[in-house]
2 protein chains.
Amino acid sequence: MAKLAGVSAATVSRALADSELISSKTRKRIQELAQAVGYTVNPAARTLRTRQSHTIALILPLGHEKSQHLSDPFFMVMLAYLADEVSQRGYNLLLRRIEPQQDAWLKQIIASSRVDGVLVIGQSDQAAVLQEVGSSYEPMVVWGQWSSGQSYVSVGADNISGGRLAAEHLLNRGRKRLAFLGNTDVPEFAARYEGFKTMLPPEIYEAHVLVPTHLTAQDAFSAAAQLLVEHPDIDGVFAASDVVAMSVIQAAAAGGRRVPQDISVIGFDDVPIAAQSNPPLTSIRQDLEEGAKLMCELLFRRMKGETCSSVRLPPELVVRDSA
Amino acid sequence: MAKLAGVSAATVSRALADSELISSKTRKRIQELAQAVGYTVNPAARTLRTRQSHTIALILPLGHEKSQHLSDPFFMVMLAYLADEVSQRGYNLLLRRIEPQQDAWLKQIIASSRVDGVLVIGQSDQAAVLQEVGSSYEPMVVWGQWSSGQSYVSVGADNISGGRLAAEHLLNRGRKRLAFLGNTDVPEFAARYEGFKTMLPPEIYEAHVLVPTHLTAQDAFSAAAQLLVEHPDIDGVFAASDVVAMSVIQAAAAGGRRVPQDISVIGFDDVPIAAQSNPPLTSIRQDLEEGAKLMCELLFRRMKGETCSSVRLPPELVVRDSA
DNA sequence: CAGGATTTTGCAAACGATAGCAACAACAAT
DNA sequence: ATTGTTGTTGCTATCGTTTGCAAAATCCTG
């Protein structure tokens, strides 16, 4: 208690809050003293009193993938940007991985009043939970596929047009026998597949293959290897993520196929390693930096009680060597 | 306040804490009631009273690299494992990226008493700060290079012997003109380089090249490209991390060099994408899962006041196709 | 059934900060 | 000198828990 330095606790509190109520000279004196003795306000007490935790929860629902996932480059890039944005605003980031057993998880986090706002990365298979919470709880922003009628604010790439871009590019490359690798249980990936399908001419559509796979490198590798054996005439692959695309390339190499001569591979996300893979990956880019900025901006606006609407970011085709 | 349900606040508190002081039937009744009305204890109040936040700070000092870094797969893999371990113990993870301006950052975090313990990933160039804090503050565990006389507990791979393994392997492959790519300002990387050098016979030692580079894909790529131009006879590269190694492979491909026929490349870490790169990466593996487990275990033991000593984990050579 | 031993519960004081209100000082105006 | 105005500061209640201690309720035993 820095009140041992002359004044009352109230004065100290106000001085450190830079309140105009305190004369500038005592204010400065107290601030310097606090600095000198290394005094910091106790955040728990402050939170208790002001009902503001200055903390944002970052939630990663892992409904569809038990393991891995967090180490997917997409997550880490997103997380890095979000961490920056949030801490720039002087808030803390509380990290939570969720493996939803019961549906109460979100409500509990909110009810515990430990956080002032919630960021969710990927709706996974938890759309119902988000929908319910979203209608009554404002300070929440979700990264993911937008769907009409959703009660919560979301930010995400327009996955459908992303899928279209991918299909278009493969067709432009003269590819005829196409495959999509991904987990269509997840809304984002389902939308990518939807957009992809809409661009295919009938005869190519008939012949295309959907390969369900989890978004881990291992799963994708074996799924791709199996695909290449069962459908040796496949000459174009749209992967639901860059990690999957890299696994496809590796499986192709293992099966004696050259990329892009024998088979074109296009990924999604355009994470940093996409440019560093061999061959460099052609990918559908989502601007995660922009996305993270938007998420935070919307979140803080909602925290102030403003209303704001969801945003869909236009994805972009980045052509490198793999397709 | 669930005390509207018959009893006093004290009784509720004790019932929810499963205290033996409360008769089992009222205890059960209150617990079920709390469940039903969705009551959760206010963590701020509890923290204020008990002086325990049930929160662990995870700190990423970015002294040596302004940007990127967090999105390095190494960090994310580590973070994923640590998040698991910490939440398994019922604790929260508070994430902090630090770009040290002044040396007080660590003290401030600790003094704010927001956290019960601190995990630091990588000492970066902050060894002095850690050293000072470590001597008086127990609940802190650092991932990084061990050095004799350090005041804090650390967990980390034995980077020196890791460097030796890499050198040994390149020599076994018959490579004569070697290079190390990495930032030797960081203790971990410096140790890798040290170990590497000790294994080189005099004539190879004389001819080897140290290429300073930041640990980002972009920097490493241009550093590698430049190296291959300036020293076209280089036939073996030890990269300080897998991301750097992938950039080297890409630069080699861009320069018309084949890996591993013309040039051997060996990485460090063995992150998941190492196996997925093309060609699959030979790497020095550090067992990050084991490391994360150890860090948490030691941290919680220190939080209980036990003393325990630092751990150095033996790294392991994983041979794939790149070297 | 009294009295002691033993559960079971409630009272009240913290924990450290914030904010409404009142008090006090300083100063100007009448 | 009295009053009013403005600028500073202190008093005190409060946020929601936990916990030592005391009170009340229950049980046991002679």
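Numbered from 1 within each chain, the chains take letters A, B, ... in sequence-line order.
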Using whole Å, what does the distance between atom C1' of nucleotide dC15(C) and atom CZ of Arg114(B) come to? 17 Å
Starting at atom CD1 of Ile30(A), determine the distance to atom C1' of dT18(C), rounded to an integer number of angstrom. 15 Å
State, to 0.1 Å, how close Cys308(A) and Arg301(A) come at their nearest heavy-atom pair, and which atoms those are. CB-NH2, 3.4 Å
Short side-chain N/O contact to dT17(D) OP1/OP2 from Tyr39(B), under 4.0 Å: yes
Can you list the residues that meet the side-chain hydrogen bond (donor to acceptor under 3.5 Å, both in side chains) rule with Thr47(B), with sequence neighbours excluded? none
Does atom CD (Gln35(B)) have a neighbourhood of more than 12 heavy atoms from anything else shown, all under 6.0 Å? no
Euclidean distance, atom CG of residue Asn42(A) to atom P of dT17(D) [Å, nearest integer]: 17 Å
What is the distance, to the nearest angstrom, from the CD atom on Gln52(A) to the C1' atom on dA19(C)? 14 Å
Looking for any heavy atom pair under 4.0 Å, which part of the strands does Thr40(A) touch: base, sugar-phosphate only, or nothing? sugar-phosphate
Check this one for me: any side-chain N or O of Ser13(B) less than 4.0 Å away from OP1 or OP2 of dT18(D)? yes
Is it the case that more than 12 heavy atoms not belonging to Glu20(A) sit under 6.0 Å from its CD atom? no
In this structure, how many angstroms lie between the P atom of dT17(D) and the CG atom of Leu48(A), rounded? 9 Å
Distance, rounded to the nearest Å, where Asp18(A) contributes CG and dT18(C) contributes P: 13 Å
Shortest non-hydrogen pair, Gly291(A) vs Met78(A), comes out as C-CE, 4.3 Å
Contact string for nucleotides 6-13 of chain D, one letter per nucleotide 5' to 3', B = base within protein heavy-atom range under 4.0 Å, S = sugar-phosphate only, - = neither, reads --SBBB-B
Glu132(B) atom CD: more than 12 heavy-atom contacts under 6.0 Å: no
